[in-house]
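A short worksheet on the structure shown next.
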Amino acid sequence: MSFHQRAQATATSMIARYGQAAVLRKVTAGTGYNPTETTADHDCQIVVQAYRNFEIDGTRIQSGDKRVLVSHMAQTPTTQDQIVIAGESHAIVSVKPLSPGGVVIMWEVQARL
């Protein structure tokens, strides 16, 4: 097992142990004259953090936004998706992978109600 695989396993284990369950809702828009959205829910483990006051600028990061650490999973979060935390659906504003050496260990997601 490589260093990056061990780091991924450690991050996944810590988020599962100290985090909480959530749902990554993949939203796919249809095409054509009558586009319909389809959704698919994927279980995930997350850690929710509040942004610090000095990070909130009112435009890019707004009051009430949450920093969400999402453990590695088969699905990659995107800004078209939603994350459901404690029954509340949040829009995903930005997604940043933590991927040293090209191996995704976890994602940092900015979530907004």
Side-chain angles (χ1 to χ4, degrees):
M1 184 181 279
S2 74
F3 167 77
H4 298 100
Q5 291 170 326
R6 283 193 309 273
Q8 183 184 60
T10 300
T12 299
S13 173
M14 296 298 282
I15 291 173
R17 185 173 191 175
Y18 298 108
Q20 64 188 36
V23 172
L24 176 65
R25 182 164 291 152
K26 301 292 281 181
V27 180
T28 307
T31 59
Y33 293 106
N34 188 13
T36 57
E37 284 187 352
T38 59
T39 60
D41 289 350
H42 304 278
D43 294 333
C44 61
Q45 292 290 320
I46 63 169
V47 171
V48 180
Q49 299 175 329
Y51 282 98
R52 297 180 189 149
N53 287 337
F54 72 87
E55 295 174 300
I56 298 171
D57 63 5
T59 54
R60 192 176 65 80
I61 299 175
Q62 297 178 5
S63 179
D65 284 1
K66 298 174 181 160
R67 175 182 287 130
V68 182
L69 304 178
V70 182
S71 69
H72 174 73
M73 56 188 285
Q75 302 296 320
T76 301
T78 68
T79 56
Q80 287 78 36
D81 302 333
Q82 300 169 354
I83 192 156
V84 181
I85 305 168
E88 292 185 320
S89 183
H90 295 73
I92 295 178
V93 177
S94 69
V95 178
K96 297 176 193 169
L98 174 60
S99 57
V103 176
V104 176
I105 294 175
M106 67 180 152
W107 290 278
E108 180 182 327
V109 170
Q110 180 183 348
R112 182 175 293 156
L113 265 177

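Keep in mind it's a predicted model, so treat the numbers as computed, not measured. Basis for what follows: all heavy atoms, side chains included, without hydrogens, waters or symmetry-related copies. The first residue in the sequence is number 1, and the count goes up from there.
- Rounded to the nearest 0.5 Å, atoms CG (Asp81) and NE2 (His42) are 8.0 Å apart.
- Under 3.5 Å, the side chains of His90 and Lys66 contain a donor-acceptor pair of N or O atoms.
- A donor-acceptor pair is defined here as one N or O able to donate and one able to accept, closer than 3.5 Å; no such pair exists between the side chain of Glu88 and the backbone of Ile85.
- Membership of the apolar cluster around Ile56 extends to Tyr51, Ile61, as traced through chained side-chain contacts below 4.5 Å between ILVMFWY residues.
- Within the structure, the side chain to side chain donor-acceptor pair (under 3.5 Å) test picks out the following pairs touching residues 13-25 (sequence neighbours left out): Arg25-Asp41.
- Under the 4.5 Å side-chain heavy-atom criterion for ILVMFWY residues, a single connected hydrophobic cluster contains both Leu98 and Leu69.
- Counting only distance, with no hydrogens or angles, the side chain of Lys26 and the backbone of Thr76 share a donor-acceptor pair below 3.5 Å.
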Residues 99-113, side-chain donor-acceptor partners within the protein, below 3.5 Å, at least two apart:
| unit_1 | atom_1 | unit_2 | atom_2 | d |
| --- | --- | --- | --- | --- |
| Glu108 | OE2 | Arg67 | NE | 3.2 |
| Gln110 | OE1 | Ser94 | OG | 3.4 |
| Gln110 | NE2 | Arg60 | O | 2.9 |
| Gln110 | NE2 | Asp65 | OD2 | 2.7 |
| Arg112 | NE | Asp65 | OD1 | 2.9 |
| Arg112 | NE | Asp65 | OD2 | 3.3 |
| Arg112 | NH2 | Arg60 | O | 3.3 |
| Arg112 | NH2 | Asp65 | OD2 | 2.8 |

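- Side-chain contact of Gln45 with Ser71: a donor-acceptor pair under 3.5 Å is absent, judged by distance alone.
- In the hydrophobic cluster analysis, where Ile, Leu, Val, Met, Phe, Trp and Tyr join through side-chain heavy atoms closer than 4.5 angstrom, Val95 is grouped apart from Ile15.
- Connection of Val48 to Leu24 is established within a shared hydrophobic cluster, with ILVMFWY side chains joined at heavy-atom distances below 4.5 Å, either directly or through further cluster members.
- Using a 4.5 Å cut-off between side-chain heavy atoms of Ile, Leu, Val, Met, Phe, Trp and Tyr, with links allowed through other members, Met73 and Val23 fall into different hydrophobic clusters.
- Looking at heavy atoms from C-beta onward, Ile92 lies out of side-chain contact with Val68 at the 4.5 angstrom threshold.
- For Asp57, the CG atom sits in a packed shell: over 12 heavy atoms of surrounding residues, nucleotides or ligands are nearer than 6.0 Å.
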